[in-house]
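Read through the structure below, which is laid out as structure tokens, and then see the notes.
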2 protein chains.
Amino acid sequence: MGRSAERNQRMRDERREQILAVALELFAARGLAATKIGDIARRARIAQGLLYHYFPSKDVIYLELIRGAFERMNAAARGLEKLPMPPGEKVRRALEALVAGLTENDDTARYYLLTAQASASEATPRTVQALIRAERAVPYEVMARIIRAGQRDGSVREGDPEELAVLFWVLIRGLAIHRATWGPGFRAPPVSALIRVFLSEG
Amino acid sequence: MGRSAERNQRMRDERREQILAVALELFAARGLAATKIGDIARRARIAQGLLYHYFPSKDVIYLELIRGAFERMNAAARGLEKLPMPPGEKVRRALEALVAGLTENDDTARYYLLTAQASASEATPRTVQALIRAERAVPYEVMARIIRAGQRDGSVREGDPEELAVLFWVLIRGLAIHRATWGPGFRAPPVSALIRVFLSEG
DNA sequence: GTCTATATCCAGATAGAC
DNA sequence: GTCTATCTGGATATAGAC
């Protein structure tokens with residue numbers, strides 16, 4: 001590939017990213033069905049027809065975003081598991097990082113909203129549903145393993161690890177929805193209150 | 001109004017209820033935009049045209065359902081507050097009843113899903129948004145008052161009552177979404193784990 | 001009250017000029 | 001690569017017969 005071909009490829013990728021960024025914003029705010037392809041094009045400041053030079057359909061844009069959401073989320077989960085610290089500390093760090101991300105980073109909040117919608121809706125396209133089914137267990141499994149390890153060393157409270165892991169993600173997803181409902185100035189519950197659900201002390 | 005006029009009115013109301021029940025099911029499962037008026041008619045086993053003899057538009061059906069959701073929820077909240085028991089006990093009962101309702105009663109779960117979607121989406125019709133803005137604070141206020149009373153008598157943990165109330169509803173809404181994602185056979189976290197977020201002991 | 005048929009509109013996707 | 005114009009399908013809502 002020559003110099004200019006490379007540059008063209010880079011520009012093409014940038015354009016794709018730009019479209020995806022706009023689409024993430026709109027899909028998170030309105031959902032798949034209520035987001036019009038024309039809205040995405042307008043907000044991205046390109047003609048509607050041009051959008052189809054970068055993506056073959058609305059569903060494919062959506063799929064791409066969901067794929068990205070799971071990539072980030074699952075990579076972060078596995079990264080957390082590998083960190084060199086005791087399990088109880090991992091739970092605390094994860095809660096702090098997730099709540100901070102949800103509060104301060106708009107795209108983070110949008111990704112959580114997106115997956116929550118897509119996972120809960122029967123209107124989600126089949127291709128996306130298949131992806132979700134393949135990926136959605138990872139965060140639960142990781143958190144259950146961390147909790148189990150924490151119970152062995154006494155830093156995490158007793159209780160079924162799977163159920164506690166469910167509770168962990170229920171909290172995070174609930175916070176994301178809450179933020180979407182009440183706006184960025186919402187009153188986040190203190191992390192300390194969340195931590196005592198899981199940790200024996202502190 | 002004569003006898004038969006009354007009977008006709010009753011039949012008309014029943015028909016309306018039947019349509020609303022179907023609409024609740026579909027809106028909760030797919031959201032407003034992805035639910036087609038034709039789907040509602042088909043599932044209610046009536047012609048699409050006939051539906052418009054009972055409701056003037058899709059948005060009005062949606063509005064009606066959201067109104068019903070808030071009526072039930074806010075009535076339940078105010079009823080809870082009036083119960084003759086100590087505040088800590090009210091928190092425990094509320095959690096137990098809500099989790100049980102979410103787990104066992106499909107329509108309860110659907111109502112929570114519906115309001116969660118409608119509140120979080122910018123695509124929600126203006127009329128519905130106005131209703132939501134007028135009603136949504138009630139459950140938070142009620143719970144904050146109960147928590148404040150519980151802190152005075154020592155049964156509820158310390159912490160900002162508003163923030164704890166947010167946490168309470170974040171949990172409930174999170175559970176509703178979780179159930180929608182994983183189906184009725186989902187692993188509900190034990191109520192005991194939720195209770196210790198709020199109560200000093202037990 | 002209930003249906004079938006249809007008007008109308010809107011949105012996703014394509015064609016083709018530049 | 002980018003645009004404008006357009007095709008096409010589908011969905012809301014209405015008309016009108018029974």
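Just so it is clear, the model here is predicted, and its values are computed rather than measured. Below, chain A is the first sequence line, B the second, and so on; all start at residue 1.
With sequence neighbours excluded, no residue satisfies ring pair (Phe, Tyr, Trp, His ring centres under 6.0 Å) with Y111(A). Qualifying side chain to side chain contact (heavy atoms under 4.5 Å, CB included) partners for T108(B), counting only residues two or more places apart in sequence or in other chains: L102(B), N105(B), Y112(B). In this view, E81(B) and R145(B) satisfy the salt bridge (charged side-chain N to carboxylate O under 4.0 Å, His left out) rule, not counting sequence neighbours. For Y62(A), the ring pair (Phe, Tyr, Trp, His ring centres under 6.0 Å) test picks out F27(A), with sequence neighbours left out. Residues satisfying the ring pair (Phe, Tyr, Trp, His ring centres under 6.0 Å) test with F198(A), not counting sequence neighbours, are F168(A). For R110(A), the side chain to side chain donor-acceptor pair (under 3.5 Å) test picks out D107(A), with sequence neighbours left out.
For DNA chain C, no neighbouring residue in residues 122-131 of chain B is found when judged by any heavy atom under 4.0 Å. The stretch residues 17-32 of chain A has no heavy atom under 4.0 angstrom from DNA chain C at all.
Residue pairs meeting the salt bridge (charged side-chain N to carboxylate O under 4.0 Å, His left out) criterion with at least one member in residues 168-188 of chain B, sequence neighbours excluded, are D160(A)-R187(B), D106(B)-R179(B). Within the structure, every pair that satisfies the salt bridge (charged side-chain N to carboxylate O under 4.0 Å, His left out) test and touches residues 44-69 of chain A, not counting sequence neighbours, is listed here: R16(A)-E64(A). Contacts classified as salt bridge (charged side-chain N to carboxylate O under 4.0 Å, His left out) and involving residues 23-34 of chain A (residues at least two apart or in different chains) are given here: E25(A)-R43(A), R30(A)-D39(A).
With W169(B) as the aromatic partner, R136(B) does not meet the cation-pi criteria of under 6.0 angstrom to the ring centre and within 45 degrees of the ring axis.
If you check every strand for non-hydrogen atoms under 4.0 Å, Y54(A) touches sugar and phosphate atoms only.
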Sequence-aligned protein contact record of nucleotides 3-18 of chain D, with B where the base is within under 4.0 Å of a protein heavy atom and S where only the sugar-phosphate is: SB------SBBB----
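The interatomic distance linking L51(A) (CG) with dT2(D) (C1') rounds to 12 Å, in whole Å.
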